[in-house]
Amino acid sequence: MELKGKVHRFGSDVNTDYIISGKYKFKTLDMNELAKHVMEDLDSDFYSKIEQGDFIVADSNFGCGSSREQAPLAIKYAGIGAVIATSFARIFYRNAINIGLPVIECDTSGIEAGDQLEVDLKKGVIRNLTKDQVIRVKPLPDVMIKILNDGGLVGHFRKYGTFNVE
Amino acid sequence: MGTGKTIVEKIIGAHAGKEVEAGDIVIAELDFMMGQDGTSPLAINALKEMEVEKLYDPWKVAMVIDHSAPSPLEGVSALHDMMRKFAKEQGVKLYDIGCGVCHQLMPEQGHVVPGNLVVGADSHTCTYGAINAFATGVGSTDLAAAMASGKLWFKVPETIKFVLKGKLPIGVFSKDVILFLIGQVTADGATYKAVEFTGPVIDDLSVEARFTISNMAIEMGGKAGLMEADEKTIRWVKEHSNKPFTPVKADPDAVYEKVLEYDLSDLVPQVAKPHTVDNVAPIDEVMGTPIQQAVLGTCTNGRLEDLRIAAAILKGKKVNPDVRFIVAPASKEIYLKAMNEGTIQTLVEAGAAVVTPGCGPCVGTHNGVPSDGENVISTANRNFKGRMGNGKAFIYLGSPATVAASAIEGKIADPRNYLTEGDSQWS
Ligand code: SF4
């Protein structure tokens, strides 16, 4: 999978309440509606700045906090192509794979807002076109690759009716 | 290096049907699974998309309507309706509005016992580690897969062990302990790891007080917050469940990622300042900060013991007229007990507004959304910006005693000024 887009930069410990506030997520299952409020408490017009395929880049512990799957879903529906961070909170990471949002762990210290990136998930590399740098990516465990390849956990279960990852 | 196993390795291994060690990825059989009203609707949709008609075992599933209960909005009502219909169709146990917070109900109603492997579509599922279960939070699609197959895949985590020595002083509680530890290791100090809590401080605590500690393991990134089962645990579990169980102990030569020791004999009340849980300060540093709302409740501190501590402090006193004091008992059972023994009366006489057992104002959907610029002190587990429904409010976290003392003074206050030797049984 090849992805290309510009960077929206965030810091450490971006929690799920910032990604999508609890006050919205209980109201509806309409993800296009939820997507409009993504990251609202950190940047009130973030949604309007996103172009299809852009990246969210952050430092450590991205997605900490609640187990709400609406968090990766809101990011995906807002048009973000992948989230790239130094590290992720465990539940968010799993949820993202399960719903088919690519999440990439790597050293993000050299990536700045507005940089143009090209991501090759298969090869495990990110090319920072603005800075002319190549960043190595931490590979996903096999079970996650399998689930991502099936289009997420729903696709996986439709195909096999149960877990088929061993 | 030892070859012994941690509690986590033993529990996951027993459910995967083979020996496992940290780092292994396995599929394991689940004993129980839970969803709440913020996560179940998406799980129900995912099951439909997976084309699953019948759950693997409906007896192993419970759904709880607690986060927005009773419903404040039409949209929420529709989601609740969807859960009720699903539960009826599939024969799943549903705890409707007023029953309580999911994490109180799972152990209290006997669904979880020591040695169990449990998942819940809620991050604070780690609470049941206090009764020696490996319990962890998952998202809705994972819950759907679990309900469909009775299984889930896990990466066996490494364990960080906390050895807590000494004796807690009067006025210092399990909430202060866990806030202190999160301040020490920070919000991602245990990401991808399980955490184990041991030592004389844990031994001294009641099972109720231990839940508070395991509940907040996730606030340091922990996948689970485990404790061994002692006699107190076994008695407590037998009072609440008929399920057979075998407690699981770590081997003496178990391999830990890290062992951290603290002597807590001189610990003072702790407060987490806005807007992160690891922004922890000793009480002196924040004392005097004016507050407009005080909240007692949530899955962290809405248990009977918590209400009693607050009542002991508030008895014969009045909540400051500039403070709204909101109390949400964690379950109907707690509510009834607190009512029968007069604890609720004491709180209401002092000025409390008691709301439906459940999450109360914790997650900002209803029951007490603060106004712009207001300060709240709460017994909850999270103080993120916007957590209570308003990104322009400021949330401080403390023990039930700290919240009660602050409610009286209208500013963050030291509970030690309100407690004497006789109150020490609550530590
Ligand atoms: S009380 Fe708060 S933290 Fe606990 S389950 Fe409810 S919303 Fe989550």
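In what follows, chains are A, B, ... by sequence order, proteins preceding strands, each numbered from 1. No experiment lies behind these values; they were computed from the predicted model shown. Below, each value reflects all heavy atoms present in this structure, side chains not excepted, and no hydrogens, waters or symmetry copies.
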Taking side chain as everything from C-beta outward and backbone as N, CA, C, O, which of these in [X] sits under 4.5 Å from a heavy atom of chain A? Side chain, backbone, both or neither.
X: B:L79; answer: side chain
X: B:N381; answer: neither
X: B:H80; answer: neither
X: B:M220; answer: neither
X: B:T39; answer: side chain
X: B:T141; answer: both
X: B:L47; answer: neither
X: B:R382; answer: side chain

When you compare the side chains of [X] and [Y], does any donor N or O come within less than 3.5 Å of an acceptor on the partner?
X: A:N95; Y: B:D142; value: no
X: B:Q36; Y: B:D122; value: yes
X: B:T276; Y: B:D278; value: yes
X: A:T86; Y: A:T108; value: yes

Take the angle between the ring planes of [X] and [Y] and call it parallel below 30°, perpendicular above 60°, tilted in between.
X: B:H103; Y: B:H124; answer: perpendicular
X: A:F88; Y: A:F92; answer: parallel
X: B:F134; Y: B:F154; answer: perpendicular

Side-chain ([X]) to main-chain ([Y]) donor-acceptor, under 3.5 angstrom:
X: A:R9; Y: A:I111; result: yes
X: B:D188; Y: B:T191; result: no
X: B:S214; Y: B:G225; result: yes
X: B:H366; Y: B:S71; result: no
X: A:D120; Y: A:E2; result: no
X: A:D132; Y: A:L129; result: no
X: A:D45; Y: A:S48; result: no

Please look at A:I91 and chain B and tell me whether the side chain, the backbone, both or neither of the residue comes under 4.5 angstrom of a heavy atom of that chain.
side chain

With a 4.5 angstrom heavy-atom cut-off, is it the side chain or the backbone of A:I147 that approaches chain B, or both, or neither?
side chain

Winner by heavy-atom pair count (cut-off under 4.5 Å) against chain B, out of [options]:
options: A:D142, A:V165, A:N98; value: A:N98
options: A:K23, A:H156, A:R90; value: A:R90
options: A:L42, A:T28, A:V143; value: A:V143

Any heavy-atom pair between the side chains of B:M34 and B:M63 that's under 4.5 Å?
no

Is there side-chain contact between A:F157 and B:S149, with heavy atoms separated by less than 4.5 Å?
yes

Which one, [options], leads in non-hydrogen pairs under 4.5 Å with chain A?
options: B:K151, B:E51, B:K223; answer: B:K223
options: B:A145, B:A187, B:G386; answer: B:A145
options: B:T136, B:V52, B:T125; answer: B:T136
options: B:I27, B:V26, B:V369; answer: B:I27
options: B:A46, B:G364, B:G137, B:A78; answer: B:G137

Proximal to chain B - members of residues 10-19 of chain A, heavy-atom separation under 4.5 Å
A:D13, A:N15, A:D17, A:Y18

For residues 61-79 of chain A against chain B, heavy atoms under 4.5 Å, the residues are A:N61, A:G65, A:S66, A:S67, A:R68, A:E69, A:Q70, A:L73

Which is it for B:F384 and B:H275 under the ring pair (Phe, Tyr, Trp, His ring centres under 6.0 Å) test, yes or no, and what are the steps along the way?
CA-CA 5 Å; B:F384 304 151; B:H275 294 287; 9.5 Å; no

Tell me which one of A:Y24, A:F46, A:Y47 satisfies ring pair (Phe, Tyr, Trp, His ring centres under 6.0 Å) with A:H37.
A:Y24

